[in-house]
Amino acid sequence: MDPSKYRPSSSFNTPFCTTNGGAPVWNNTCALTVGSRGPILLEDYHLVEKIQNFTRERIPERVVHARGATAKGFFEVTHDITHLTCADFLRAPGVQTPLIVRFSTVIHERGSPETIRDPRGFAVKMYTREGNFDLVGNNFPVFFIRDGAQFPDVIHAFKPNPKSHIQENWRILDYLSHLPESLNTFAWFYDDVGIPTDYRHMEGFGVHTFTMINKDGKVNYVKFHWKPTCGVKCLLEEEAIRIGGENHSHATQDLYESIAAGNYPEWKLFIQVMDPDHEDRFDFDPLDTTKIWPEDLLPLQPVGRMVLNKNIDNFFAENEMVAMDPAHIVPGIYFSDDKMLQARIFAYADTHRHRLGPNYMLLPVNAPKCAYHNNSYDGYMNFVHRDEEVDYFPSKFDNTRNAERFPTPLRIVTGRRDKCVIEKENNFKQPGDRYRSWAPDRQDRFINRWVKSLSEPRVTHEIRSTWISYLTQADRSLGQKVASRLNIRPTM
């Protein structure tokens, strides 16, 4: 048999037990011992192999997004946007691209309840004809920070106390009190949408600003939005406590059973588009991940739909080992200078190589479905059979060539090398606008969540005062109501 055509799945059709090397195992229930009572002999290779495989079944869990569920399906273009991008998978209405989606909670461990108040990951890997396009986002359109240098700190603050291993609000409120820009994400985190009913009733956002480039080289900024066709639904605290107590995997089960029953979840993909030459017209920085783009100024434009119509075959192979990476883009889509996105371009592939190994892209769930070629040989778990003699480029003995050039942004970038904060912070307008858009009962629930968090014993008076100041700057009545319930006089 040609090893290059070998498919591991075919080996599981053998009707009897074997070692990993294929040797028959005539007794898979008893260890080889001296006499009927032992001791066990080390020469029982099958026992040793079986135990060693078992003790290595668990790979390091993700530092973030450890708890997740995955499903497969397709993306179909419904609207022509070729005036914006030359991306092949968006070339015409009706074009379909296979994909896999992973939903997740951000902070807590792999077996944690899916009813915890936490941002949700919404990551889509499309297997296009030009390579993988990974749109890796969240169920909130904004994030707590705007600079990648702060990412380890904000995650540490949300993670359990390193001394007690208990998640404590004082740590979150302490750290983010130094970052007033985080208030806009709190307007989502402490809102009702902080606990989605399940993954099917959850929005998704690319969060970052990307760029699209058409065949003529015209560049536009874009933001991506996924809208569930079944609507957005959330759990209030009492519901979350009840459901989480009955089933800590309720969202995973709901997704799996819905697809199995033929009730396929569907999302519409929309984009917002901004001409980079117009970015100074706004009172915020369009590349700031703590800001939304107002839809009244930059309306949503329909692009296509995503349908999840197939459950995964193996949870470990297709959920634990799927590796999403915002650095995976395709011709026609490019990055922006968004500081958070720039940091993620490096960070994701680095963590995958640590967690899964240097050849994680060879795993079936991660490998491109199109033809691909590289000179990345060897390393741990490189299982691809190759017989080339040339592993360098260029070479007169190999006809591999560069791909045809495709349009990329060519804007000239100038500026002083520095570590600094963006000029247009404008930290309080958007959370204030969002709060004022809610009905009174929703506002009251938002206030109650702030009061509960700020009332915890280790939240100091200084931290409370800081947050009341921020809330007051967002909306005077909001700050006053929180202060009143805490018996604190507002500072503004």
Side-chain angles (χ1 to χ4, degrees), residues 60-68 102-110 112 116-123 134-162 165 167-190 194 204-210 223-224 284-292 322-329 335-356 360 418-422 425 427 431 470:
E61 74 172 32
R62 294 168 171 87
V63 176
V64 288
H65 300 276
R67 169 59 125 142
R102 187 174 189 271
F103 306 106
S104 57
T105 58
V106 173
I107 295 300
H108 300 279
E109 292 89 345
R110 190 154 46 194
S112 57
I116 296 176
R117 183 170 298 276
D118 193 12
R120 264 62 174 176
F122 195 117
D134 291 1
L135 185 53
V136 188
N138 285 337
N139 69 321
F140 301 160
V142 287
F143 197 58
F144 294 98
I145 57 175
R146 59 166 69 103
D147 195 306
Q150 300 161 344
F151 188 75
D153 299 294
V154 70
I155 297 302
H156 284 170
F158 271 85
K159 286 284 190 180
N161 185 322
H165 200 67
Q167 187 185 37
E168 297 171 315
N169 276 329
W170 68 266
R171 291 165 40 82
I172 300 169
L173 297 175
D174 171 36
Y175 174 69
L176 290 176
S177 70
H178 300 277
L179 303 174
E181 63 268 28
S182 66
L183 184 61
N184 203 22
T185 307
F186 272 113
W188 295 77
F189 184 67
Y190 277 165
F205 301 91
V207 182
H208 299 290
T209 300
F210 289 84
K223 289 221 179 219
F224 294 97
F284 60 92
D285 188 328
L287 307 187
D288 181 356
T289 51
T290 69
K291 300 293 183 293
I292 62 168
V322 66
M324 306 288 188
D325 187 346
H328 290 163
I329 56 173
F335 313 115
S336 73
D337 294 335
D338 173 341
K339 291 185 180 183
M340 277 292 293
L341 177 58
Q342 292 284 320
R344 293 177 78 203
I345 291 169
F346 166 79
Y348 275 63
D350 185 62
T351 194
H352 297 328
R353 292 186 178 100
H354 163 69
R355 200 174 70 89
L356 299 172
Y360 73 95
D418 200 359
K419 291 192 172 188
C420 55
V421 177
I422 62 174
E425 291 197 65
N427 295 322
Y470 293 163

* Structure fact -> Hits for salt bridge (charged side-chain N to carboxylate O under 4.0 Å, His left out) against Arg355, two or more places apart or cross-chain, chain-then-number order -> none

* Structure fact -> Between Ser336 and Gln342, the two heavy atoms sitting closest are O-NE2, 2.7 Å

* To do: Not counting sequence neighbours, which residues clear salt bridge (charged side-chain N to carboxylate O under 4.0 Å, His left out) with Asp338? List them please.
  => none

* Asked: Which distance, rounded to the nearest 0.5 Å, do you find between the CZ of Arg110 and the CZ of Arg62?
  -> 8.5 Å

* Could you grab the distance from atom NE2 of His328 to atom CG of Leu135, nearest 0.5 Å is fine? => 13.5 Å

* To do: Return the minimal non-hydrogen interatomic distance between Trp170 and Asn161, and the atom names on each side.
  => CZ2-ND2, 3.9 Å

* Ile155 and Ile107: side-chain contact (heavy atoms from CB on, under 4.5 Å), yes or no, with the steps? -> CA-CA 7 Å; Ile155 297 302; Ile107 295 300; 4.0 Å; yes

* To do: Can you measure from CG (Asp147) to OG1 (Thr290) and round to the nearest 0.5 angstrom?
  => 11.0 Å

* To do: Name all residues meeting the side chain to side chain donor-acceptor pair (under 3.5 Å) criterion together with Arg353; count only those two or more places apart in sequence or in a different chain, and write none if there are none.
  => none

* Asked: Pairs in or reaching into residues 148-160: which pass salt bridge (charged side-chain N to carboxylate O under 4.0 Å, His left out), with residues at least two apart or in two chains?
  -> none

* Structure fact -> Residues passing the ring-ring contact (aromatic ring centres under 6.0 Å, His included) test with Phe144, sequence neighbours excluded, are Phe158, Phe186, Phe189

* Interatomic spacing from CZ in Phe143 to CZ in Phe151 - rounded to 0.5 Å -> 5.0 Å

* Check whether the side chains of Arg102 and His65 place a donor and an acceptor atom closer than 3.5 Å, and report yes or no. => no

* To do: Identify the two heavy atoms, one from Ile345 and one from Ala327, that lie closest to each other, and give their separation to 0.1 Å.
  => O-CB, 3.7 Å

* Applying salt bridge (charged side-chain N to carboxylate O under 4.0 Å, His left out), name anything that partners Asp285, two or more places apart in sequence or on another chain. => none

* Structure fact -> Nearest heavy-atom contact between Asn184 and Trp188 is O-CD1, 3.2 Å

* To do: Indicate yes or no for a side-chain donor-acceptor contact from Asp134 to the backbone of Met324 under 3.5 Å, with no hydrogens or angles considered.
  => no

* Drop me the distance from Asn138's CG to Thr289's OG1, to the nearest 0.5 angstrom. => 10.5 Å

* Asked: Which residues pass the ring-ring contact (aromatic ring centres under 6.0 Å, His included) test with His352, sequence neighbours left out?
  -> Tyr360

* Apply salt bridge (charged side-chain N to carboxylate O under 4.0 Å, His left out) to Asp350 and list each qualifying residue two or more places apart in sequence or on a separate chain. => none

* **Arg120 side-chain N/O to Asn139 backbone N/O, donor-acceptor pair under 3.5 Å** => no

* **Shortest non-hydrogen contact from Arg344 toward Pro326** => CB-CG, 3.9 Å

* To do: For Tyr175, enumerate each residue passing the ring-ring contact (aromatic ring centres under 6.0 Å, His included) test, keeping only those at least two apart in sequence or located in another chain.
  => none

* Which pairs with one or both residues in residues 168-190 pass salt bridge (charged side-chain N to carboxylate O under 4.0 Å, His left out), sequence neighbours excluded? -> Arg146-Glu181

* Taking ring-ring contact (aromatic ring centres under 6.0 Å, His included) as the test, write out the residues that go with Phe224, two or more places apart. => Phe210

* So, for Lys339 and Cys420, which heavy atoms are closest and what is the spacing to 0.1 Å? -> NZ-O, 2.8 Å

* Asked: Going from CD1 on Ile422 to CG on Asp288, what distance comes out if it is rounded to the nearest 0.5 angstrom?
  -> 4.0 Å

* Considering residues at least two apart in sequence or located in another chain, which fulfil the side chain to side chain contact (heavy atoms under 4.5 Å, CB included) criterion with Ile292? -> Pro141, Val142, Gln430

* To do: Using a 4.5 Å cut-off on heavy atoms from C-beta on, say whether the side chain of Val154 contacts that of Leu176.
  => yes

